[in-house]
2 protein chains.
Amino acid sequence: MELLSVPKRGTSAREYVYETLKRSIIFLSLKPGQSITEQEIAEKLSVSRTPVREAFIRLVQEGLLETYPQKGTVVSLIDLERVDEARFMRRTLEKAILRLACESFPSDLAFELRSNLALQEVCLEEQNFIRLFELDEEFHRLIYRGCKKERIWDLIAQINADFRRIRVLKLSLGIGVGEVVQQHREIAGAIFDHNATRIEELVEVHLPQNDPGFERLRREYPEYFA
Amino acid sequence: MELLSVPKRGTSAREYVYETLKRSIIFLSLKPGQSITEQEIAEKLSVSRTPVREAFIRLVQEGLLETYPQKGTVVSLIDLERVDEARFMRRTLEKAILRLACESFPSDLAFELRSNLALQEVCLEEQNFIRLFELDEEFHRLIYRGCKKERIWDLIAQINADFRRIRVLKLSLGIGVGEVVQQHREIAGAIFDHNATRIEELVEVHLPQNDPGFERLRREYPEYFA
DNA sequence: ATGAATATATTAGTATGGTAGTATGCAAAA
DNA sequence: TTTTGCATACTACCATACTAATATATTCAT
């Protein structure tokens with residue numbers, strides 16, 4: 001088992017373990033359904049069981065781990081119902097947020113949005129999908145921040161963990177990468193032009209209700225799904 | 001310091017501590033801004049510090065506690081910006097959910113909704129505001145469940161913790177109790193009649209954008225607010 | 001050979017002691 | 001009187017030891 005370690009400095013052991021595990025789960029270095037134990041992680045990361053347990057507790061709360069007392073802990077399977085709910089939530093909120101953004105959006109964040117888009121183009125050309133993924137998340141966060149609704153994005157990010165694993169799977173199959181960047185361009189354009197007329201349509205395309213890609217993922221990786 | 005203890009049986013010490021503290025915070029038995037320590041809670045609840053620490057971690061994640069390493073832990077102040085965001089989120093989602101509910105709603109849950117409303121009336125007459133508060137939460141949860149979106153409600157409940165403390169403060173001043181029950185009646189009526197025309201208006205009234213009651217609360221309990 | 005009873009190993013849950021960082025009070029100096 | 005240095009107490013963080021529950025392996029009787 002390989003863990004995607006993160007810098008340990010300037011932070012507590014708990015935070016270090018938490019970030020490492022979270023990253024490992026989302027980028028599928030820890031597989032959905034895989035069993036792990038406190039002891040094992042503690043040894044791998046050279047800490048005691050205590051901070052590991054405490055990181056586990058947070059990850060359970062976010063739905064990324066499931067702990068069974070006296071039995072063990074497993075990485076949660078990807079639950080497509082939960083993904084559907086997360087998408088519904090994002091669709092609904094993002095329409096409302098984008099309408100706000102089209103009314104007014106602070107210029108400094110608009111600049112950051114443009115920069116982010118430019119970087120997305122670069123990553124697309126260079127096929128750097130991991131970085132593109134991070135830019136995607138940052139893109140949406142910027143929009144929420146511009147509307148003073150960043151806490152909502154943080155909350156979405158929690159229920160969205162499954163959604164993120166799906167994204168990683170899709171990226172690994174190279175599904176729909178270019179389209180997403182194009183959609184981001186159009187969404188940003190709507191904000192810059194204060195033009196809310198296409199918001200509904202753009203969001204529906206960006207976060208469709210029925211994603212046919214799901215079926216393919218399910219066929220390719222049946223053991224990852226609940 | 002008094003804690004609102006909950007039944008301890010059939011659950012872990014961690015869960016027991018967590019539920020007890022959460023209840024105590026929401027019902028303001030632990031005051032916003034108040035300092036608490038692991039040691040102190042452990043002694044009061046007759047458990048060791050470990051399950052207390054672990055309960056603290058969950059409560060920090062939900063925004064109800066703030067821990068400062070080597071300094072201490074305090075009950076979070078009520079943050080009105082956060083409350084505004086929570087309301088925005090609920091307004092937006094609840095409109096969408098209620099539109100779904102007006103299209104179709106399972107009959108067994110419709111029955112539970114009717115029962116819940118009847119109990120709300122009873123509590124209103126008997127001035128049992130604590131129970132009414134719980135029924136209120138259950139009312140909304142039932143609607144989300146009927147639309148197969150219960151996870152979203154669970155998530156809202158997290159960001160909503162501040163919102164719930166506000167409700168408790170309002171109830172203690174007897175603000176707007178009757179109105180809320182009436183609003184619930186109308187919302188339920190819309191679902192039963194499959195009539196979505198007034199949804200927008202009902203939600204705006206139930207979860208207003210600007211609540212003048214806030215100012216009064218702020219005057220009455222300035223030390224509770226950030 | 002098979003099944004049940006028992007022993008062993010493994011797990012998360014809990015308790016406890018030590019550590020390092022922080023605040024506080026007091027005494028000494030300015 | 002005010003400020004500085006220091007001792008003390010207090011905190012959350014972490015490591016470790018122990019407990020209780022579960023799963024697995026082994027033994028023994030049939």
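All values below come from the heavy atoms of this structure, side chains included, with hydrogens, waters and symmetry mates left out. Protein chains get the first letters and strands the later ones, always in sequence-line order, with residue 1 at the start of each. On a predicted model such as this, the values are computed, not experimentally measured, just so you know.
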inquiry  = Could you check whether B:E94 and B:H140, counting side-chain N and O atoms only, form a donor-acceptor pair closer than 3.5 Å?
reply    = yes

message = For B:Q61 and B:Q158, which I'm curious about, is there any donor-acceptor pair between the side chains at under 3.5 Å?
response = no

ask   = Taking atom P of C:dG13 as reference, at what distance in whole Å does atom CD of A:Q39 sit?
value = 14 Å

Phosphate-side-chain proximity, B:S48 and C:dA15, N/O vs OP1/OP2 below 4.0 Å = yes

ask   = So what is the end-to-end bend of the helix from C:dA1-D:dT30 to C:dA30-D:dT1, with 5 pairs used at each end and the value given to 10 degrees?
value = 10°

ask   = Looking at D:dC13, C:dA15, C:dA12, which one has an atom nearest to any side-chain atom of B:P51?
value = C:dA15

query = Salt bridge check: are A:E137 and A:R164 linked by an N-O gap of less than 4.0 Å?
reply = yes

inquiry  = Taking any heavy-atom pair under 4.0 Å as a contact, classify B:R14: base, sugar-phosphate, or nothing.
reply    = sugar-phosphate

ask   = Using 30° and 60° as the class limits, which term best fits the ring planes of B:W153 and B:Y144: parallel, tilted or perpendicular?
value = tilted

task = May I ask you to say what B:T50 touches in the nucleic acid, namely base, sugar-phosphate or nothing, with a heavy-atom cut-off under 4.0 Å?
result = base

message = Just the rounded figure in Å: distance from C1' of D:dA12 to CD of A:E15.
response = 15 Å

query = Relative to the 5' end of DNA chain D, which residue comes earlier, B:G72 or A:V47, by the nucleotide with the nearest heavy atom?
reply = B:G72

remark   = To the nearest angstrom, the CD1-C1' distance between A:I36 and C:dT11 comes to 13 Å

request  = Kindly assign one of parallel, tilted or perpendicular to the pair B:F133 and B:F27, based on the angle between their ring planes and the thresholds 30° and 60°.
outcome  = perpendicular

Whole-Å gap separating C1' (C:dA12) and CD (A:E66) = 15 Å

Phosphate contact (C:dA12 OP1 or OP2) by A:T73 side-chain N/O below 4.0 Å = yes

request  = Take the protein atom CD of A:E54 and the nucleotide atom C1' of D:dA12, then report the distance between them rounded to whole Å.
outcome  = 10 Å

note = In whole angstroms, the gap separating C1' of D:dC14 from CD of B:E38 amounts to 11 Å

query = So does B:D108 have more than 12 non-hydrogen atoms from other groups sitting under 6.0 Å from CG?
reply = yes

key: Between C:dA15 (P) and B:E43 (CD): distance, integer Å   = 13 Å

key: No-hydrogen, no-angle side-chain donor-acceptor test under 3.5 Å, B:E66 and B:Y68   = yes

inquiry  = Side chains of A:Y224 and A:Q34: any donor to acceptor distance under 3.5 Å?
reply    = no

query = What string of B, S and - do you get for nucleotides 20-26 of chain C, 5' to 3', if B is base contact, S is sugar-phosphate-only contact and - is no contact with any protein heavy atom under 4.0 Å?
reply = BBSS---

ask   = Is A:T67 side chain donor-acceptor paired with the C:dA12 base, going by distance under 3.5 Å alone?
value = no

ask   = Side chains of B:R218 and B:E215: does their closest heavy-atom pair fall under 4.5 Å?
value = yes

remark   = In whole angstroms, the gap separating C1' of D:dT11 from CZ of B:F56 amounts to 11 Å

ask   = Can a side chain N or O of B:R53 be found less than 4.0 Å away from OP1 or OP2 on D:dA12?
value = no

key: Side-chain H-bond candidate by donor/acceptor type, B:E112 with B:N116, under 3.5 Å   = no

